Amino acid sequence: MELGTDRPAYELLGLKASEYDDICARLGREPNYVELAIFSLMWSEHCGYKHSRPLLGDLPTGGDCILQGPGENAGIVDIGEGLAIAMKIESHNHPSAIEPFQGAATGIGGIVRDIFAVGARPIACLDPLHFGSLAKARQRFLLEGVVAGVAAYGNCMGIPTIGGEIHFEDSYEDNCLVNVMCVGLVKHGDILKASARGEGNLIFLIGSTTGRDGIGGASVLASAEFDETAEEKRPTVQVGDPFTEKKLLEACLEMRDRRLLVGLQDLGAGGLSSSASEMASKGGSGIDLDISRVPLREEGMEPFEIMISESQERMLACTTTQNEVAVKNVCAKWDLDATVVGRVTGNGRLRVFNGEELIGDMPVAALVDEAPTYIVKPARPGHETDKLLPPDRYPQPPDLGAVLLKLMTSPNICSRRWVWQQYDHMVQTNNALWPGGEAAVLRLKGRRQGVALTTDGNGRRCYLDPRRGARAVVAEAARNLSCVGARPVAITNCLNFGNPEKGGIYHQFREAVAGMKEACQALGTPVTGGNVSFYNESFGKAIYPNPVIGMMGLVEDASRIRDHAFKDAGDAVLLLGAAEPAVDGSEYQLSVFGEVAGRIPDVDLESEKKMQLLLREAIIKELAKSAHDVSDGGLACCLAESAIAGGIGAVISLDEVSRPDILLFGEAPGLVVLTAAEADLERLLKLAAGVPLKQIGRTGGGRLAVTAGANSLIDLPLAQIKQAWETSLEAMVAGNGAPRAGDLANR
Amino acid sequence: MLALPQTEIKTVRFGVVVFPGSNCDADSHDAVGTFTGAEARYLWHKDTQLDGLDCVILPGGFSYGDYLRPGAIARFSPIMKAVGRFAAAGGLVIGICNGFQILLEAGLLPGAMHRNQGLKFVCRLVNLRVENTSMPFTGKYEQGQIIRIPVAHMEGNYFINEAGLAELEDRNQIVVRYCNESGNAAKEANPNGSLGNIAGVCNREGNVFGLMPHPERVCDPLVGGADGRGVFKSIIISVLKNKS
């Protein structure tokens with residue numbers, strides 16, 4: 001901190017003068033430094049949602065299956081017969097941009113604690129990641145570090161990392177996005193609340209000792225833009241210890257099983273301050289904390305440091321005095337510290353003691369619920385336009401086969417095997433589908449049912465049109481689930497944006513929330529909670545607005561699902577949906593013409609819903625043998641990916657159009673490629689009744705051949721496409737750049 | 001599931017050791033309990049009694065966080081003395097992944113682990129060639145059979161000195177090797193750089209077996225295959241044969 005400057009303490013802690021006045025008014029006096037430090041955290045953007053709260057209230061959060069919506073540690077969705085799924089996504093962008101390994105590792109640690117804080121056993125993680133171009137050494141360093149960090153923490157915990165996504169765009173060069181989602185399984189009767197109730201009950205601090213690591217994580221790091229001082233912020237990044245967290249997980253679930261807990265809350269952003277005040281708030285109570293009892297890992301820590309430390313692997317538990325010994329015994333079994341650091345009161349205040357001395361006394365409501373909110377005047381950025389680009393904006397390249405190879409080696413399309421092979425994606429042995437497909441599917445042991453999970457984000461499309469982009473992202477997540485045969489049920493979201501105090505960013509945020517709301521309503525997938533990450537800017541330049549959606553769906557029978565691989569030669573290849581592909585915002589536009597411009601096509605949510613219903617029925621009735629969403633790289637890349645996955649080529653004939661390149665590589669939400677056995681074709685077409693579905697070719701052979709009318713557009717050996725797609729990421733990570741079409745032809 | 005009466009299978013008792021940081025304990029428990037019908041129970045790492053058990057499983061995971069070296073701390077857990085006595089008395093002990101690493105550190109199996117040659121964690125299906133079927137853990141497989149079982153580890157690069165390797169070869173203690181689809185123990189089929197593509201070894205007596213791949217993960221075709229069942233079936237058959 002900039003000690004010795006003339007700036008007032010509140011400003012150095014990230015508070016505005018008006019906010020300071022507000023705090024004084026609520027306390028009826030000036031806060032002391034301990035109180036100020038606590039307020040600065042609780043009223044930070046990260047904890048207080050100052051710019052997002054007024055808009056987030058609009059999102060649909062209700063539904064018959066929602067057992068717990070936003071506000072708790074994780075959303076909880078009923079899946080029938082007494083079981084429920086807990087889900088939550090969060091960002092760890094800024095820590096990862098500074099220290100990729102620990103930033104990503106502690107991101108996993110934090111989200112996993114959120115899941116077992118509600119009493120659920122974590123069963124999967126998914127990690128959507130966004131970096132700058134791999135041509136730059138720093139970006140390769142970030143990618144390697146983040147992937148290794150996710151692997152180190154998740155693998156050690158024994159929680160499979162089963163999905164996610166990776167995008168590379170210059171926009172994330174100085175501000176990578178590391179979002180982490182965790183999903184858990186919980187019986188209805190085992191659900192825990194993060195509340196402190198019952199006067200005289202005990203507040204236990206369980207797990208790691210408290211140190212100076214991560215001081216100011218929420219206020220200094222997560223709630224401000226990056227500038228040249230970013231390197232100096234390294235000490236605000238925490239260090240992870242997955243082994244302790246694994247023990248913490250087992251100990252907490254054992255205490256849950258033995259009914260020892262009144263409430264449980266993890267210590268994350270804001271440390272003890274945030275956890276204690278939130279537990280008191282949820283329980284309608286107060287808490288007295290004695291920081292002299294907190295086990296420390298460093299000498300000479302100031303009281304305020306103990307209150308705001310973000311040391312990892314700690315939980316706060318509320319228990320009765322009768323259970324004090326039992327709690328200590330369970331924790332001792334797992335070699336964990338468990339210390340009574342406070343008591344529940346009935347006075348609605350968070351009081352902080354240092355031994356006998358009262359060093360802080362604040363109303364819980366002021367800390368938790370009364371952070372000021374801000375509404376900014378939105379300003380539509382100049383690059384947004386109402387018009388699609390004219391089709392003749394770019395010339396049609398002469399060799400569309402070369403374009404396909406280029407796109408298949410693009411870092412945004414090529415195989416992610418290099419990444420997911422570093423994650424233990426199989427532990428717990430529930431994977432009915434392995435990574436690399438549309439969505440992950442986990443069977444539930446002892447049931448027929450399965451859970452399908454996916455994450456989706458597309459900042460580039462949201463940059464061109466945040467409302468359409470957000471609608472498209474939700475629709476795509478649902479389409480991914482429908483492609484494996486799962487019914488979309490609920491979402492969690494991680495909203496990654498720039499500095500909301502700027503009108504342009506506020507506009508993007510407002511529009512994206514509106515788009516998300518429309519799509520969630522239309523598709524019947526309520527929001528169970530999530531996270532807002534603002535200030536993703538460096539040197540005044542914001543990232544693409546990027547609402548990342550984590551969606552959960554259900555399959556009635558985990559053995560009746562489909563993947564995207566072509567299954568047999570001689571099957572019909574069909575195109576489902578009638579959307580018109582456009583070059584605007586496509587990977588084709590970026591990779592081949594080096595531009596991001598225009599306006600993306602809108603998703604027709606009503607048609608989308610009907611189309612997905614048909615898709616699921618076709619899978620359940622075993623009429624569709626494979627299904628693959630047409631997304632990045634358009635129809636041609638979609639076909640190529642299914643062909644590679646199945647090891648079977650295809651012959652495709654399309655109608656003659658003036659711009660076959662846009663038909664092949666353009667993008668529009670709402671298209672799916674299916675395959676079906678010849679014998680089932682008639683039944684499938686009949687089932688479609690009104691939903692656009694037409695045959696475009698047949699599987700078979702060792703080539704991907706596409707014609708339009710009498711013209712051959714693409715005719716390539718599948719082996720060549722596969723080689724390009726499979727080896728590209730590894731080559732780029734090694735710093736060799738993507739393999740070029742010429743190199744590939746010579747192999 | 002087995003060609004043996006379920007009532008007999010039920011009499012075979014497995015113990016799955018839980019160290020702090022074990023994370024494949026439940027998977028191993030399920031593989032035995034659900035897919036063979038034998039009895040499986042958990043053992044806490046501070047237990048010192050293994051009476052009445054037929055086979056002890058040291059499961060995969062990160063015992064003690066793999067801090068210092070995988071297995072280096074777990075070998076000092078109280079149960080390991082009991083496991084040593086159990087093995088010396090002829091009891092069957094199988095160490096999977098981290099369990100294999102613990103057996104190496106405890107000196108119950110020869111050799112040591114380096115970090116993977118690629119210096120990265122690797123999780124994928126690999127092909128294994130079964131080299132020795134005349135031991136209790138592999139009797140259900142054919143000699144030279146190729147099976148598909150996943151690996152998931154950071155330190156699986158098996159090493160042993162020249163004399164040690166010669167002894168392993170002479171005494172037929174190399175139980176499984178990484179191989180390609182046609183059964184060749186080729187370099188490109190080796191996921192971690194292990195010496196001689198070694199994926200699993202046993203002690204001289206053949207009653208202690210350690211392997212890096214996870215047979216417990218492939219006991220159900222719904223989640224990726226059933227090639228791992230043979231290990232657990234083999235153990236049950238061997239135990240029942242000795243009982244009769």
Side-chain angles (χ1 to χ4, degrees), chain A residues 121-122 144 147-148 150-162 240-251 313 333-336 417-436 441-446 448 450 557-561 730 733, chain B residues 18-31 33-35 42 44-46 59-68 70 73-74 77 96-98 116 118-126 149-154 191 213-226 228:
Chain A
R121 177 170 285 280
E144 291 229 39
V147 170
V150 168
Y153 210 103
N155 296 354
C156 183
M157 290 290 294
I159 302 167
T161 300
I162 57 167
D241 174 4
F243 172 55
T244 296
E245 177 125 326
K246 169 71 173 161
K247 294 189 296 177
L248 200 53
L249 159 69
E250 299 302 337
E313 292 89 25
K333 174 187 162 188
W334 290 99
D335 300 320
L336 292 168
R417 190 183 58 185
W418 179 86
V419 176
W420 53 258
Q421 278 192 353
Q422 295 184 56
Y423 301 152
D424 188 341
H425 50 272
M426 308 170 185
V427 64
Q428 301 191 18
T429 64
N430 293 321
N431 310 63
L433 272 186
W434 286 9
V441 180
L442 297 176
R443 57 97 178 258
L444 298 171
K445 283 177 186 156
R448 284 163 68 89
D557 183 347
S559 66
R560 279 202 176 194
I561 53 176
E730 268 153 282
V733 171
Chain B
V18 182
F19 297 95
S22 293
N23 66 29
C24 302
D25 43 344
D27 298 347
S28 301
H29 190 277
D30 282 355
T34 310
F35 294 108
Y42 291 112
W44 185 236
H45 72 120
K46 288 182 178 163
F62 290 68
S63 56
Y64 293 93
D66 276 2
Y67 295 155
L68 187 59
I73 303 176
S77 269
I96 301 167
C97 196
N98 192 227
N116 294 347
L119 302 180
K120 289 194 172 8
F121 192 96
V122 56
C123 177
R124 65 178 170 93
L125 270 175
V126 295
I149 293 187
V151 291
H153 59 250
M154 180 68 111
H214 287 267
E216 83 282 9
R217 292 189 180 186
V218 274
C219 289
D220 183 354
L222 181 63
V223 294

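Small disclaimer: the values here were computed from a predicted structure and weren't measured. Convention: sequence-line order gives letters A, B, ...; per-chain numbering from 1.
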Tell me, side chain or backbone of [X] under 4.5 Å from chain B's heavy atoms, or both, or neither?
{"X": "A:Asn431", "result": "backbone"}
{"X": "A:Lys445", "result": "side chain"}
{"X": "A:Glu144", "result": "side chain"}

Heavy-atom pair count under 4.5 Å with chain A, highest-scoring of B:Asn98, B:Val218, B:Asp30: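 Of the options given, most contacts go to B:Asp30.
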Test log, rule side-chain hydrogen bond (donor to acceptor under 3.5 Å, both in side chains), inputs A:Asp241 and B:Tyr67: CA-CA 10 Å; A:Asp241 174 4; B:Tyr67 295 155; 2.5 Å; yes
Min side-chain heavy-atom separation B:Lys120-A:Val147 under 4.5 Å: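 Answer no - side chains too far apart.
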B:Cys123 side chain reached by A:Tyr423 side chain, heavy atoms, under 4.5 Å: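 They are not in side-chain contact.
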At what distance, to the nearest 0.5 angstrom, does [atom1] of [X] lie from [atom2] of [Y]?
{"X": "A:Asp557", "Y": "B:Leu222", "atom1": "CG", "atom2": "CG", "result": "8.5 Å"}
{"X": "A:Lys246", "Y": "B:Tyr64", "atom1": "NZ", "atom2": "OH", "result": "14.0 Å"}
{"X": "A:Gln422", "Y": "B:Asn116", "atom1": "CD", "atom2": "CG", "result": "10.5 Å"}

Heavy-atom neighbours of B:Arg124 CZ exceed 12 at 6.0 Å: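 Result for CZ/B:Arg124: enclosed.
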Give me the atom names and distance for the closest heavy-atom approach of [X] to [Y].
{"X": "A:Cys156", "Y": "B:Gly65", "result": "SG-CA, 4.3 Å"}
{"X": "A:Thr429", "Y": "B:Glu216", "result": "CG2-O, 4.0 Å"}
{"X": "B:Val223", "Y": "A:Trp434", "result": "O-CZ2, 3.7 Å"}

Derivation of the side chain to side chain contact (heavy atoms under 4.5 Å, CB included) call for B:Asn23 and A:Val427: CA-CA 8 Å; B:Asn23 66 29; A:Val427 64; 4.0 Å; yes
Which atoms of B:Leu119 approach chain A - backbone, side chain, both or neither, heavy atom under 4.5 Å: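 No part of it gets close to chain A.
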Under 4.5 Å from a heavy atom of chain A, the part of B:Asp220 involved: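 Interface part for B:Asp220: side chain.
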A:Asp424 side chain vs B:Gly61 backbone, donor-acceptor pair below 3.5 Å: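 Here the side-chain-to-backbone pair does not exist.
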